[in-house]
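Read through the structure below, which is laid out as structure tokens, and then see the notes.
Everything numeric in this text was worked out from a predicted model, so none of it was measured. Naming convention: chains lettered A, B, ... in sequence-line order (proteins, then strands); numbering from 1 in each chain.
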2 protein chains.
Amino acid sequence: MRRATLTDVADAAQVSLKTASRVINGVATVHPELRDRVLEAASMLAYRPHRGAATMRSGTSDMVGMVIRDMANIFYSRVAAGAADVAGEQECLVITCSSEGVADQEAKLLEAVFAQRPRGLLITPTATPQPLILAEMALGCAVVAIDEPLVGLDVDSVSFDNYGASREALGAALELGRNRFAILSDTDRLATMPPRIQGAKDALAERGLGVLPEMEIRTAHTDEQAHEAIVGLLSLAEPPDAVFCANNISALAAASEVRARGLDVAIVAFDNFPLSHTLPQPVVLVEHDDREMGRAAARLLFERLTDPGRETHHLTMRTQVRRY
Amino acid sequence: MRRATLTDVADAAQVSLKTASRVINGVATVHPELRDRVLEAASMLAYRPHRGAATMRSGTSDMVGMVIRDMANIFYSRVAAGAADVAGEQECLVITCSSEGVADQEAKLLEAVFAQRPRGLLITPTATPQPLILAEMALGCAVVAIDEPLVGLDVDSVSFDNYGASREALGAALELGRNRFAILSDTDRLATMPPRIQGAKDALAERGLGVLPEMEIRTAHTDEQAHEAIVGLLSLAEPPDAVFCANNISALAAASEVRARGLDVAIVAFDNFPLSHTLPQPVVLVEHDDREMGRAAARLLFERLTDPGRETHHLTMRTQVRRY
DNA sequence: CTGTTAGCGCTTTCAA
DNA sequence: TTGAAAGCGCTAACAG
């Protein structure tokens, strides 16, 4: 059993290949009668267009590549969902890949994605294989960096005001009268981490407070690491009375452990998390709309496709500090 | 600036097109010297293979389609992450789409996905446009249903023992001495819901208990609906002392509201959720490994590609009932 | 081990 | 408004 091609449809409808093509692509200037014949033939033959062939000939695909850090992390998957929203409006499909924060993996995925000739690339960068991306950009691929910058490349981006929001959150936390702060963050190789940490420290310094070296953990990458880290902090002779969690993984680990032990340790976090407002402990959150972040990124992508010459845009997503 | 093609590479390396093709595809039987020349030329020209062209000629792509219900729901995104794990091992990319549980959207996405000529399709079905899927299957596309069956089609599938696990969970909950049970679930159009509800009811019936009509809500689809529902239940003159939540959305809403009000209402849920074990209320969960579910589904897909003739497999993912 | 030829399914270009 | 011819970049089939 062979798959019907456009030629089959054209033959069945007794029109030329080109006319069939016009009908399938919704070109208006086709005689209604021919149009109906083509549509009927397509239906009879269960014709399915072959986008790959169209892409090859026309040079433009209907796909967008997306390389995110961790598909199983709700932050990134919400961003991906938002991007898919906008891509769908543009009749585009999204190839979603998870780099797991591994540079080699990211490079491999980028090669595979570019081999599909996507119209654009949305990426939460890990290691930024610059020449690869640069080459594609030169050939018309629109690239948008999400959450972190693509170091060394001048591309559109969406991100948070990591420094400012963290500083503001810590300011709010200080009103709770806490003074033994710990910081839980992922590795400094994530560009988002240092400004978040610095914002927190600067807010503390303003009140004459600091963070003891043993109270600052930068290895909260996985759930397990985050859990270990918070356990370590809470086991100190003089444990913290507040923890600033620079990512959602550490926030959840900290909230979980603090709650399980029934301690009065305030949680300050750069993300919302489920049940956050039901904790008896004070909670200060930097809230943000992750799905909208993905939407905004995708919008930037299609805008650049429309106007390749325009200067790069760097969007800062709105954040809101809230106390619970 | 034109993109380098394999012909360009072959010319630059002074070999035939076919030899260049062999080298790029890692065919071993090429003289090392020619191989090196080709690789150097490819590198010099920043050659990037065009998978679409290869797909068209060879008839087999390196893509897998995935249509899930809601990318922004952590359950589905974990499943997607698992599927991507296995697809990656097979050098395949995954086109991930979110049907949002809307039949029309699902049909549209399926058409778009099939237009890419994927090797296979992973789907958490909503409305099942059977003829469309059947036609692709007849043409060699491997289809795996996840979480719900593809009604009327004999395809490989992975799912949970919805009835059994719910029944077991309620059994565990009954040991807590609760006797006013409410049920919170999504619409019955989700095939997973009725057996979960029935399992719960049967466990209750075994002890001579039932669920009052006003205690059974089947509209917990969105966060808002779930919240409304639990608020309604808790506002009853005689509110429940235990709630069975048939999906993760309602579990979170129920836990959140019960916790916020400081009520002693047990939460029984067909899913784990963050901070579940830190609640003062008794919690009984049907735990499952969502990522592994995605992996298993993808494995079934590639196994079928390898052996198209084998009989369909229906995997039941392991679940574990736990009390906190 | 290497090369030649043909053609995948479609859109573009140009002519009628 | 419609059609004929060419060719996108690659691989299959076969020949050398």
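Under 3.5 Å, the side chains of A:Asp154 and A:Thr312 contain a donor-acceptor pair of N or O atoms.
Below 30°, between 30° and 60°, or above 60°: for A:Phe75 and A:Phe160 the angle between ring planes is between 30° and 60°, a tilted geometry.
Scanning all heavy atoms of the two residues, the minimum distance from A:Tyr47 to A:Leu6 falls at CE1-N, 3.4 Å.
Looking at B:Arg318 and B:Glu292, no side-chain N of the basic residue comes within less than 4.0 Å of a carboxylate O on the acidic one, giving no salt bridge. B:Arg51 and A:Glu111 are not joined by a salt bridge, as no carboxylate oxygen comes within less than 4.0 angstrom of a charged side-chain nitrogen. The pair A:Arg2-A:Asp8 meets the salt-bridge criterion, since a charged nitrogen lies less than 4.0 angstrom from a carboxylate oxygen. The residues B:Glu136 and B:Arg117 are annotated as not salt-bridged, no charged nitrogen and carboxylate oxygen being separated by less than 4.0 angstrom.
Distance alone, capped at 3.5 Å, places no donor-acceptor pair between the A:Arg310 side chain and the A:Arg304 backbone.
The nearest heavy atom of DNA chain D to B:Thr5 and to A:Thr19 marks one nucleotide each, and the one closer to the 5' end goes with A:Thr19. Nearer to the 5' terminus of DNA chain C, by closest-nucleotide assignment, is the contact made by A:Leu6 (compared with the other of A:Arg22 and A:Leu6).
The CD atom of A:Glu148 sits 11.0 Å away from the CZ atom of A:Arg189 when rounded to the nearest 0.5 Å.
Applying the 6.0 Å contact sphere to CD of A:Gln130 captures more than 12 heavy atoms from other residues, nucleotides or ligands. Crowding of B:Gln14 atom CD: a count of heavy atoms from other residues, nucleotides or ligands under 6.0 Å not exceeding 12.
As rounded to whole Å, 13 Å separates atom C1' of C:dG9 from atom NZ of A:Lys18. We find that CZ of A:Arg117 is positioned 20 Å from P of C:dC10, with the value rounded to whole Å. Regarding A:Leu17, its CG atom lies at a distance of 9 Å from the C1' atom of C:dT11, rounded to whole Å.
Residues from residues 40-53 of chain A placing a heavy atom under 4.0 Å of any atom in DNA chain D do not occur. Residues from residues 27-37 of chain B with heavy atoms under 4.0 angstrom of DNA chain C, sorted by number: B:Thr29, B:Val30, B:His31, B:Leu34.
For C:dG3, the OP1/OP2 oxygens have a side-chain nitrogen or oxygen of B:Ser16 closer than 4.0 Å.
Read 5' to 3', the first and last nucleotides of DNA chain D with an atom closer than 4.0 Å to a heavy atom of chain B are D:dG9 to D:dA13.
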